[in-house]
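What follows is a short report on a single structure.
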Number of protein chains: 4
Amino acid sequence: MSPESKEAVLETWRRNEIAQATHRVLARRGPAGLSMQAIADEAGIAKGTLYLYFEDREALLEHAVDATFGELMARLETVLLPGRPIAETLPETVRALILFFDEKKDFLRAYMSMRYGDGCAEDVRHKRRKRTHYQSYLKLLAAAFGQAAARGEVKPQDPDRLAALVADGISAVLLRRLDERPPRPAEEDVLWISELLLRGLLVPGRNS
Amino acid sequence: MSPESKEAVLETWRRNEIAQATHRVLARRGPAGLSMQAIADEAGIAKGTLYLYFEDREALLEHAVDATFGELMARLETVLLPGRPIAETLPETVRALILFFDEKKDFLRAYMSMRYGDGCAEDVRHKRRKRTHYQSYLKLLAAAFGQAAARGEVKPQDPDRLAALVADGISAVLLRRLDERPPRPAEEDVLWISELLLRGLLVPGRNS
Amino acid sequence: MSPESKEAVLETWRRNEIAQATHRVLARRGPAGLSMQAIADEAGIAKGTLYLYFEDREALLEHAVDATFGELMARLETVLLPGRPIAETLPETVRALILFFDEKKDFLRAYMSMRYGDGCAEDVRHKRRKRTHYQSYLKLLAAAFGQAAARGEVKPQDPDRLAALVADGISAVLLRRLDERPPRPAEEDVLWISELLLRGLLVPGRNS
Amino acid sequence: MSPESKEAVLETWRRNEIAQATHRVLARRGPAGLSMQAIADEAGIAKGTLYLYFEDREALLEHAVDATFGELMARLETVLLPGRPIAETLPETVRALILFFDEKKDFLRAYMSMRYGDGCAEDVRHKRRKRTHYQSYLKLLAAAFGQAAARGEVKPQDPDRLAALVADGISAVLLRRLDERPPRPAEEDVLWISELLLRGLLVPGRNS
DNA sequence: TATGAATGAGCATTCATTCAT
DNA sequence: TATGAATGAATGCTCATTCAT
């Protein structure tokens, strides 16, 4: 349609090729092996070409991470629909996360080690650009919790904070799954996490 | 009195000076800026001097992290006593964590980004030596949960997995606190997290 | 014509440029001054560029030495032909050596100090890969002596040992030539060494 | 006798202790392991103390080498007596060298790699101070040859140059002995070298 | 547009030398 | 006299980034 669409499409396609190559390298060699040369080799292009598609290393990695999180977001958006009871959406969310990361074990492991960025207190320049998809995920969760609270399903509380706690609690379990041999059945973890978050640790009636 | 000679005391003191300098660098420049030169500069000593106190970079970082986690562990051990009801120890644990990391915001932020190591699927050589204090923390938590389950306070479940979920859920909240201006009162988060974990999200009687 | 691409030619040319720069540094600063930085500076390129052409320092030095010894070997191979009487080939060999090292005085001096490697009794890992051209030179000499012995020209004896003695004896004279001002005429040394080796020290008929 | 003799004796004794420690390190760890720390450890003294007895590393190594060569010189001086026929003294010299270096294989191997100094054409400051014992050895040999020539035993020729050729030819054989398993009988090499040097390679009467 | 050779700042580590004790 | 902790220049090597082609 638009006159520039052909180039734009090509550009988008290239950026995604590079992102996928980045994931393969990350999975195979770990963060320490994630050099521009390795990414270029994996993508079958020249090192310099990377700089035609990305400003610098940081921008490339950001995109590579966002692209994968984008996939996850698409799946979560089909689950975290407004109006559904939280007792239904929470297990499905956990299930979607477990299935997604069971597919991308290596990516998860490597990504976790990068999630907090460089953690540099001085350099805040790029803060805004970063972690957008992770933030979106949290927002989606928070929205679901907020609506559930509005409907009176869950206790009223700061939904953003709740989303963070739930998301990272789930991540911890995802991470444990990486090293389990044989892997625990996904459904078992889905039910356990959901039950815990929904009804808490305590045995009802046993505590004052 | 003590069997340690003057030199041993000096050695210990120096190692801690270096560990603290490491934390300051980590906080100020992030993991990527954590070079031996930067640590030496921060400690006000020469680069070569670092190698008089630590075998190599890895040993230095391990000590720097261990020293801080050691402090935390000491605090947690006074709280996570066997036999205390979980409804009491959990809030106190959360409180200890929040107070500790409110003091060491920058360290926490930077440390989180290093916790997962190199995440390389191929290289597992150093796995055993590392992350001992984080593992100890999880073990302590898991033990408390295990005993609570044995006493019938909490539902029976894998305590290690539960500990991981709880620990990382709490971390997520700790991390959010870092960026809050003004910081939310610690006690508010303590109560909220504890209540959530103990009794769950749901409003009782409202869900089928 | 040649199967080599333009890049291969360029690569070869660069490797030789670096080898020559290495010789100049070796001559000017000695083995102790033979740092990668010095070589790069001498070659007029960046330090990192060296690593595009050589795996590491060791490979670079090996090539630098091999390239020069290769030249010498080529000259010697035209002289040490099988079948020629030793009384002819020995003087020509000495002459070839003298002329060659008169051209490369500095290289010889510095190289001699490196010939024995690290000399560590414990570490024998790299023994096989090294000193190939010096060994070839010895083999060539030994073969000439072996054939002369077979023809009955020289007394029967272990040709390898003889080659070593002759080679290092000649080296000693080459080395002395380095410091002589003015240089002694090459032909004088050629004749003297040959005569000594062929007929010995003693005045015939004077000794029992 | 002299008033300062006690200190002077102690100083001499210390210097020799250090020299011997240096040899042990050289033999055990090779030239690359010959650090000041290693020498101090081996000598059982502090690193700084080395600098009380030697100006710097170079002076220390010079002395360590000279001390061992001094031992050899003492032996050679009992053999290379003026007036003895060269046909007698040469085999005895070779024998002394072989026996000496068979005892000090490790020292020889390591020393050879250092014999030519740094070979630096620019830095001639220390040239004079160096290699004094090796030079003495050559002088002793040269004197023996010179006298033999004066007596008409050997053909007239530059005795210094002859000494160098003979000395390094012998060194080559000594070096080969290092790697031989089992070692060839010393006497066999003594006779072969002597015969070769005295009477030459050629079979008499076979060559024009 | 795509390349990849070239760059050079940066890194962890070593070690001869100094100097306060 | 003897020490050894401290130094800091120097080393081999890596890799994100640039730019002439």
Side-chain angles (χ1 to χ4, degrees), chain A residues 7 10-11 14 32-41 43-61, chain B residues 6-7 10-11 13-14 18 29 32-41 43-61, chain C residues 6-7 10-11 13-14 18 29 32-41 43-61, chain D residues 7 10-11 14 32-41 43-61:
Chain A
E7 295 88 10
L10 189 66
E11 163 120 3
R14 278 284 213 189
L34 199 59
S35 68
M36 296 301 270
Q37 184 63 69
I39 294 168
D41 291 349
I45 61 177
K47 198 165 33 166
T49 308
L50 296 176
Y51 290 86
L52 298 178
Y53 294 96
F54 297 98
E55 170 97 19
D56 57 14
R57 186 179 196 263
E58 193 181 9
L60 188 157
L61 296 187
Chain B
K6 202 162 49 180
E7 306 96 46
L10 194 68
E11 163 121 4
W13 178 76
R14 277 285 211 190
I18 292 171
R29 308 232 190 277
L34 201 57
S35 69
M36 296 302 270
Q37 184 64 69
I39 294 169
D41 291 348
I45 60 178
K47 196 166 32 165
T49 306
L50 296 176
Y51 290 87
L52 298 180
Y53 294 96
F54 297 98
E55 172 95 20
D56 57 14
R57 184 178 197 267
E58 192 183 9
L60 190 157
L61 297 187
Chain C
K6 200 163 48 180
E7 306 97 44
L10 192 67
E11 162 122 3
W13 178 77
R14 277 284 211 191
I18 291 170
R29 309 233 189 274
L34 202 57
S35 69
M36 297 300 272
Q37 184 64 68
I39 295 168
D41 290 349
I45 60 179
K47 193 167 35 165
T49 306
L50 296 176
Y51 290 87
L52 297 178
Y53 294 96
F54 297 97
E55 173 96 17
D56 56 16
R57 185 178 196 263
E58 192 182 10
L60 188 157
L61 296 187
Chain D
E7 295 89 10
L10 191 66
E11 163 120 2
R14 280 283 213 188
L34 200 57
S35 67
M36 296 301 271
Q37 184 64 69
I39 294 169
D41 290 349
I45 60 177
K47 198 165 30 165
T49 307
L50 296 176
Y51 289 86
L52 298 179
Y53 293 96
F54 297 98
E55 170 99 18
D56 57 14
R57 186 178 197 264
E58 193 182 7
L60 189 157
L61 296 186

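Every chain is numbered from 1, with letters handed out A, B, ... down the list of sequences. Excluded from the calculations below are hydrogen atoms, water molecules and symmetry mates; all remaining heavy atoms, backbone and side chain alike, are included. This is a predicted model, so every value here is computed, not measured.
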Go along nucleotides 4-14 of chain F 5' to 3' and tag each nucleotide: B for a protein heavy atom under 4.0 Å from its base, S when only backbone or sugar atoms are that close, - otherwise. BBBBB-BSSBB

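Taken over five-pair windows at either terminus, the axes of the helix from E:dA2-F:dT21 to E:dT21-F:dA2 are inclined to one another by 20° (rounded to 10 degrees).
Taking CG from C:Asp56 and CE from C:Met36, the interatomic distance works out to 7.5 Å, rounded to the nearest 0.5 Å. C:Lys47 NZ to C:Ser35 OG: the interatomic distance, rounded to the nearest 0.5 Å, is 8.5 Å. How far CG of A:Leu61 is from CZ of A:Phe54: 9.5 Å, rounded to the nearest 0.5 Å.
Between B:Thr49 and B:Ile18 the shortest side-chain heavy-atom distance does not fall below 4.5 Å. Looking at heavy atoms from C-beta onward, A:Ile45 lies in side-chain contact with A:Arg14 at the 4.5 angstrom threshold.
Closest of all the heavy-atom pairs between A:Gly33 and A:Ala38 is O-CB, 3.6 Å.
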Apply side chain to side chain contact (heavy atoms under 4.5 Å, CB included) to the pair A:Arg57 and A:Ile39, showing each step before the final yes or no. CA-CA 10 Å; A:Arg57 186 179 196 263; A:Ile39 294 168; over 6 Å; no

